[in-house]
Amino acid sequence: MKQSSIFARQLLKWFDVHGRKNLPWQQDRSAYRVWLSEVMLQQTQVATVIPYFERFVKHFPTVWDLASATTDEVMRHWAGLGYYARARNLHACARQVCQQYVGEFPDSVELLQQLPGIGRSTAGAIVAQAFHRRAVILDGNVKRVLARYRAISGWPGKVAVQRSLWALADSFTPTERVADYTQAIMDLGATVCRRSRPLCDQCPLRTDCYAAARGVVEHFPEKKQRSSLPVRETCVLMCYQAEKPQHIMLEKRPPTGIWGGLWSLPQCEPVQVPEDVIASKYGYQVRAIEEAEPVMHSFTHFHMRIRPLRIQLSGAASTVAESSVSWCNAVKANAYGMPSPIQALVSQFFETLD
DNA sequence: AAGCCGGGGCC
DNA sequence: GGCCCAGGCTT
């Protein structure tokens, strides 16, 4: 038997036992309901979509109801789902279907794809699930299943990788039970062939899966390669008082996040006004600010451009009491656990003292 | 080809 | 707090 038919056969056998068959849009199937669910499910998880779908079909039972609604009314029912261009396209699509097709969705991928908000994969899903005609889908779940099954390397956003995945998807799509098949491969991707912690011991395709055979399932699909890491900018405040210039203000960072629990210099966003930050957060007035040369520091996922501001304070702290603040001098500096770039800046600060 | 849209789940 | 998600559209 051909490999391509083994794939569908094993998948459908699994679907008959473990597949999802009680989703709202699987009941009372019509092109309208399938289309609506597919658009809502673009980049949105099933559990999030369900209540929106039910409210939507209650208020707009047919494509005619949706087409004749106002934009505000449609947007109101979409509010909270995100990607609001989907709602605008949905409304435009409903109107076009009523005007151009007398309220009947066309049953071919080519015609469906010409409608707003319907791309290749959504068109395929509608054809397979609403019209029970053979059509190919390739959404995030299918991409993951296929990339692992055949160990397809490269990031799926690349055109060459997309072409390979579409070709694979096409070759595995059967001519019988296409509605169940498309649901099955999505269910497998969502529940077994998950992005993280896949349940390979429950997978019906395991014996023929290249990635599983090599023990590298979680290496697929590959992530987008970051050619240049993003650069974030922050200002560090090197605060000292004229009366005791040998001390610098340190602040203990929150226990979680970047540099969690370490001592560091107070920070602010480049868009903030340091004078305001110091007054409101630490209760000091500023006498003078001098900006030093920026320092670069690299993390795994981004670069940080640190702009040191040497700030002379005037007067004592007013009402604001910061328990997480400490005044550090050159002798005590070693006793503070500081991130290396901050450590370097603090040492540099003490070296430049008279 | 790459950026954008967005709220929510998950780690 | 980052990454990803039943993608499609724009530049």
Side-chain angles (χ1 to χ4, degrees), chain A residues 15 19-20 23-26 33-53 75 77-93 109 112-130 135-147 154-163 165-166 169 179-198 218 220-230 232 234 253-260 299-304:
Chain A
F15 174 79
R20 293 182 285 195
L23 296 169
W25 44 91
Q26 294 177 309
R33 290 166 63 91
V34 170
W35 161 72
L36 178 60
S37 70
E38 287 300 328
V39 173
M40 286 185 165
L41 286 162
Q42 290 168 5
Q43 298 291 293
T44 309
Q45 298 189 345
V46 169
T48 307
V49 165
I50 288 175
Y52 280 89
F53 178 84
M75 298 308 290
H77 285 85
W78 195 274
L81 257 189
Y83 280 94
Y84 296 97
R86 289 187 298 172
R88 290 189 290 275
N89 285 332
L90 189 84
H91 196 206
C93 183
V109 168
L112 284 167
Q113 226 181 315
Q114 292 172 24
L115 294 167
I118 301 181
R120 186 173 172 185
S121 187
T122 300
I126 296 171
V127 168
Q129 303 208 4
V136 183
I137 63 162
L138 188 66
D139 60 22
N141 286 316
V142 181
K143 284 177 189 167
R144 186 168 54 254
V145 170
L146 296 179
W155 175 56
K158 288 287 185 186
V159 173
V161 180
Q162 283 187 43
R163 201 165 48 232
L165 291 173
W166 273 107
D180 285 347
Y181 171 83
T182 57
Q183 188 63 49
I185 194 166
M186 288 189 289
D187 285 354
L188 188 80
T191 63
V192 173
C193 196
R194 307 184 294 197
R195 179 166 61 89
S196 55
R197 297 180 296 108
E218 293 202 67
F220 297 96
E222 283 182 17
K223 292 171 188 166
K224 185 184 194 306
Q225 74 294 5
R226 298 220 171 263
S227 50
S228 62
L229 295 173
R232 297 183 200 170
T234 188
R253 294 187 59 82
T256 58
I258 298 291
W259 298 337
F299 293 89
T300 320
H301 293 96
F302 62 95
H303 299 297
M304 189 185 269

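It should be emphasised that the depicted structure is a prediction, and the values quoted were computed from it without experimental measurement. The sequence lines fix the lettering, A, B, ..., with proteins before strands; numbering per chain opens at 1. Heavy-atom basis, side chains included; hydrogens, waters and symmetry copies ignored.
Backbone-only contact: S121(A) has heavy atoms under 4.0 Å from sugar-phosphate atoms and none from a base. Using a 4.0 Å heavy-atom criterion, one finds that L81(A) contacts the bases of the nucleic acid, with or without backbone contacts as well. Within the nucleic acid shown, L23(A) comes within 4.0 Å of at least one base atom, counting heavy atoms only. The residue Q183(A) sits close to a base: some heavy atom pair falls under 4.0 Å. Using a 4.0 Å heavy-atom cutoff across all strands shown, W78(A) reaches no nucleic acid atom at all.
Residue-to-nucleotide proximity on DNA chain C shows that, of S37(A) and P116(A), the 5′-proximal contact is made by S37(A). In this structure, R86(A) and A47(A) both approach DNA chain B, and ranking their closest nucleotides by distance from the 5' end singles out R86(A).
Counting to the nearest Å, the C1' atom of dC5(C) and the CG atom of D187(A) are 15 Å from each other. The distance from atom CE of M40(A) to atom C1' of dG8(B) is 16 Å, rounded to the nearest whole Å. Across the protein-nucleic acid pair, W35(A) atom CH2 and dG7(C) atom P stand 17 Å apart, rounded to whole Å. Rounded to whole Å, the distance from OH on Y83(A) to P on dC5(C) is 11 Å. The CD atom of Q45(A) sits 10 Å away from the P atom of dG7(C) (whole-angstrom rounding). Residue N141(A) contributes atom CG, which lies 11 Å from atom C1' of dC4(C) at whole-angstrom precision. As rounded to whole Å, 17 Å separates atom C1' of dC5(C) from atom NZ of K224(A). In this entry the distance linking CD of E38(A) with P of dC5(C) reads 16 Å, nearest Å.
The side chain of T48(A) contributes no N or O atom lying less than 4.0 Å from OP1 or OP2 of dG7(B). At the phosphate of dG7(C), OP1 or OP2 sits under 4.0 Å from a side-chain N or O atom of Q43(A). One finds no side-chain N or O of R88(A) lying less than 4.0 angstrom from the OP1 or OP2 phosphate oxygen of dC5(B).
Listed nucleotides dG6(B), dA2(B), dC11(B) differ in distance to R197(A); the shortest reach to its side chain belongs to dC11(B). When distances run from any side-chain atom of S196(A) to the nucleotides dC11(B), dG9(B), dG8(C), the shortest one goes to dC11(B). Distances from the side chain of N89(A) to the nucleotides dG7(C), dC9(C), dG3(B) place dC9(C) closest. Among dG8(C), dG3(B), dG9(B), the nucleotide with an atom closest to any side-chain atom of Q42(A) is dG8(C). With dG6(B), dC4(C), dG8(C) as the candidates, the nucleotide lying closest to the side chain of R195(A) is dC4(C). In the set dC11(B), dG7(C), dG7(B), the nucleotide with an atom closest to the side chain of Y84(A) is dG7(B).
Between dG8(C) and dG8(B), the two P atoms lie 22 Å apart (nearest whole Å).
Looking only at side-chain heavy atoms (C-beta outward), P156(A) and K143(A) come within less than 4.5 Å of each other. At a threshold of 4.5 Å between non-hydrogen side-chain atoms, the residues L81(A) and T48(A) count as touching. Between W35(A) and L115(A) there is no side-chain heavy-atom pair separated by less than 4.5 Å.
Closest heavy-atom contact between I126(A) and V34(A): CA-CG1, 3.9 Å.
The closest side-chain donor-acceptor pair between R86(A) and T44(A) falls under 3.5 angstrom. In this structure, a donor-acceptor pair under 3.5 Å is present between the side chains of R144(A) and N141(A).
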